[in-house]
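What follows is a short report on a single structure.
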There are 4 protein chains.
Amino acid sequence: MCSRTTARSRTGRPRSAEADTAILDATRAALVELGWSKLTMGDVAARAGVAKTTLYRRWANKSELVVDAVAVLFDELQLPDLGSLRADIEHVVLEFAALLERPETKTALMAVVAESTRDEPLRDRIRASIVDRQKRLVLEGRQRAQERGELPADRDPATVAAVDALIFDVVAGAVVNRSLVTAEPVDRAWAERLSALLVGGLSAAAESGTDALREPGAAR
Amino acid sequence: MCSRTTARSRTGRPRSAEADTAILDATRAALVELGWSKLTMGDVAARAGVAKTTLYRRWANKSELVVDAVAVLFDELQLPDLGSLRADIEHVVLEFAALLERPETKTALMAVVAESTRDEPLRDRIRASIVDRQKRLVLEGRQRAQERGELPADRDPATVAAVDALIFDVVAGAVVNRSLVTAEPVDRAWAERLSALLVGGLSAAAESGTDALREPGAAR
Amino acid sequence: MCSRTTARSRTGRPRSAEADTAILDATRAALVELGWSKLTMGDVAARAGVAKTTLYRRWANKSELVVDAVAVLFDELQLPDLGSLRADIEHVVLEFAALLERPETKTALMAVVAESTRDEPLRDRIRASIVDRQKRLVLEGRQRAQERGELPADRDPATVAAVDALIFDVVAGAVVNRSLVTAEPVDRAWAERLSALLVGGLSAAAESGTDALREPGAAR
Amino acid sequence: MCSRTTARSRTGRPRSAEADTAILDATRAALVELGWSKLTMGDVAARAGVAKTTLYRRWANKSELVVDAVAVLFDELQLPDLGSLRADIEHVVLEFAALLERPETKTALMAVVAESTRDEPLRDRIRASIVDRQKRLVLEGRQRAQERGELPADRDPATVAAVDALIFDVVAGAVVNRSLVTAEPVDRAWAERLSALLVGGLSAAAESGTDALREPGAAR
DNA sequence: CCTTAATCGAGACGGTACGTCCAGTCTTGAC
DNA sequence: GTCAAGACTGGACGTACCGTCTCGATTAAGG
């Protein structure tokens, strides 16, 4: 979370663990009430019953604090086995949309991504704390589909990784775009249509003689 | 663009037209140099050789100014007929990615979207100035594919609209997610894979006896 | 007072004159209530009903603001003709002591002088705004005494200036030291004794064949 | 110096004596380099190679620390017998001025006096540590002058004390005012003139039939 | 020798003020 | 009525110190 993980000084008063959690809770509460742009470090400190310096001792700026505060919410996403790839995708789409409907994520996610276009360390932090951790869902869903025989299992590793990455960007991107940019509801009908499109596309590629999704340099 | 459209007074000194373009140019320049969060209204005014009052007489705040400044860039996107749906999609994906690589769009787009989660008028402005105008690309591409016979032409209008919207969210979302969130390059290989997935999905739906993408309440 | 005196810009909104007086009044009030070390720029601004930036636009720091705020109080000192040099000195000593008893001067004077030991421009400001303006009292008193015949009129100008300066340092220094350092009351008895000492010393010098106070290089 | 004098616990680790001197040395060094207002407790602690807690265990605040740090410098003042009251005064004036020229005293003395106008215990500490100890110089000089016959010996004790106090305030005040407020050099010429004025004033009082400096209620 | 207790360093803590910056508004005189 | 200029209120910023606190680690003196 904060840089304390790496072997820290043995002397001096240790940092308060309650402060950490109080600050992150306060940050989420402030996001809900005020949104990203009206959230201030001073306000978070006051809500957490903590001095501003205590915030700055742990986080360099508002963006990093908010990433940490929101990251934990994304870990709640689960991928229960619903019996088919289509059902699994549909479920995670609706789950993800529900998460993005929460005011703390809705307002924060795009803001920190926007900030990260000019802030390399922040981009790394976002990838490590949020993005990369959700790729597990794609991996898990794809493996299950292979076990069920819905998808072929014989692809080479490079293609597998590339398709996993593609599916992640398509699903995450489509949901985010739908709910935040297009600003229309991610309802069951839309989720069904997206799942159908993806499953259809993946199956079509698998059935065609030449795998249309294979990595260019990969042997088939 | 600015609120001048609504019937305004006929008397008094008319607004300077040079000022308008100078301000928007200055805004883009400032976005390139400073990024969204460090761009200030005072700085834009100074670059444009204009008083701050002149900015505020035309735009209510920084977000609206930036939306107008970048909106025009999105109109450059074109959809030349490359002979197949797959090629068309691949081309627009790369075009869109190239647009998002430009520093002024990269830093501004997500920021104003983030801001718009708490600002209804801003959300409307973004949709009107940017989002809705790009949906024409989906419409055009789909119609061409139907003319070529790549896609069936007999669907009901509600389904057509729903699928157009889905494709828009998938393409736009996937590209944005890939380039800004995942932060990996949108290269030809990735674009090919995305096109293949979409064309495969659309074809699969068309070929299957029951159209998997049809609007729930629509007759087939 | 502030640097506005030197030819200023003709354009733009002019500075508020009410703000100036409100700020100086607020500064004096804050000095009375809080003393120098607990006076803050933010508090002064709040009392004056003015933004902090308005303070900083006019004064570079707390010290300069306080010098301007108290300088005006020192102009109240008067030297009415009481008929004899001794009475005149006694009177001005008591007046000056009364001024130093006021909480705003008591707490501020030494503080800005202390600060000025490391701040050349501040030292100049203090001399110009406070110190030099009070030397007029010595000049006036000495001239009256010469007219009355209490002091000889035939000295050379360099000696006259040197003695004036000496008298100023002795009177001002003695009163300040008595009231702020020694922290004992400047009462009538003390003032009489100081006047007696000075008048005695000046007369003795005048009566002695060789003027003990004459400037070394001056012809007699 | 520090509050250790009052009967303290006999057990536990005793306070480090080196720490005391290291802190006071560090304080003087910091005064020279930074001046009063930029001197910080943390900096002094760091210079002294000591924890901040160690400072606060000994001194309640910055002012008291600085008083102790500079007080010792004032004890260096001596009054060698130069054969005449005038020479003695002249000498001590120059000595005192030299002391005030040292950066650590120049910046600290006025500052703590300013602070003491709102801090009774500090005022007491200054009087005890600095002011009262220097009054011995006046006492000594006056006694020598009486022994030499320069001043009459028959005054009543109250008058003697009052005149001693007056002389102290005049000399100390004049030198401080000259060097810190008027900001002009205390050179030999000025010192001679001040001595002449005082000796003249004291002699005139002694010679006049009625002692102009006598305490009001005292019998002659 | 072994407790006992106050000291030591380090550094985190809650506060408070700093001086700067920017947003968005207002006031001036010129056009 | 618009324009450039620039002062205005208001409020957040991130930093710096203050004086306090909590640690674990030293010390002596007293048992």
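All figures in this text were calculated on a predicted structure; none of them were measured in a lab. By convention in this document, chain letters (A, B, ...) are assigned in the order of the sequence lines, proteins followed by strands, and residues within each chain are numbered from 1. Reckoned from all heavy atoms, side chains included, excluding hydrogens, waters and symmetry mates.
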A/Arg58 side chain near E/dC13 phosphate (N/O to OP1/OP2, under 4.0 Å): yes
Nucleotide E/dC18, atom P - distance to CH2 of C/Trp59 in whole Å: 15 Å
Non-hydrogen side-chain atoms of D/Arg118 and C/Ser37 separated by less than 4.5 Å: no
5′-ward residue of the pair A/Tyr56/C/Ala51 relative to DNA chain F: C/Ala51
Nearest listed nucleotide, side chain of C/Thr53, among F/dG10, E/dA10, F/dC13: F/dG10
Charged N-O contact under 4.0 Å between B/Asp25 and B/Arg28: yes
Electrostatic pair A/Asp20-A/Arg58, nearest N-O below 4.0 angstrom: yes
Proximity to the side chain of C/Pro14 - top-ranked nucleotide from F/dT9, F/dT22, E/dT28: E/dT28
d(CD, B/Glu64; P, E/dG24) in whole Å: 10 Å
Length of the line joining C/Arg15:CZ and F/dT9:C1', which is rounded to integer Å: 16 Å
Candidate list A/Ile130, A/Leu24, A/Ile23, test side chain to side chain contact (heavy atoms under 4.5 Å, CB included), partner A/Asp68, passing option: A/Leu24
Nearest-angstrom distance from the residue atom CG of B/Leu55 to P of E/dG24: 11 Å
Under 3.5 Å donor-acceptor pair, B/Lys52 side-chain atoms to F/dG6 base atoms: no
Nearest-nucleotide 5' precedence on DNA chain F, D/Leu39 against A/Asp43: A/Asp43
Base F/dC21 paired with A/Arg13 side chain (donor-acceptor, <3.5 Å): yes
Under 4.0 angstrom between B/Arg57 side-chain N/O and F/dC3 OP1 or OP2: yes
Of the listed nucleotides E/dA10, F/dA12, E/dC22, the one nearest the side chain of A/Thr11: E/dA10
Most 5' of C/Lys38 and B/Lys38 on DNA chain E, judged by nearest nucleotide: C/Lys38
Whole angstrom value for the distance that separates C1' of F/dC17 from CZ of D/Arg47: 16 Å
Minimum-distance nucleotide to C/Met41 side chain [options: E/dC13, E/dG19, F/dA4]: E/dG19
Nearest-Å distance for atom pair NZ/C1', residues B/Lys62 and F/dA12: 13 Å
Interatomic distance where CD1 belongs to B/Ile23 and P belongs to F/dC3 [whole Å]: 8 Å
Sugar-phosphate, base or nothing in reach of C/Asn61, heavy atoms under 4.0 Å: nothing
Whole angstrom value for the distance that separates C1' of E/dA12 from CD of A/Glu18: 13 Å
Electrostatic pair B/Glu33:B/Arg47 at N-O distance under 4.0 angstrom: yes
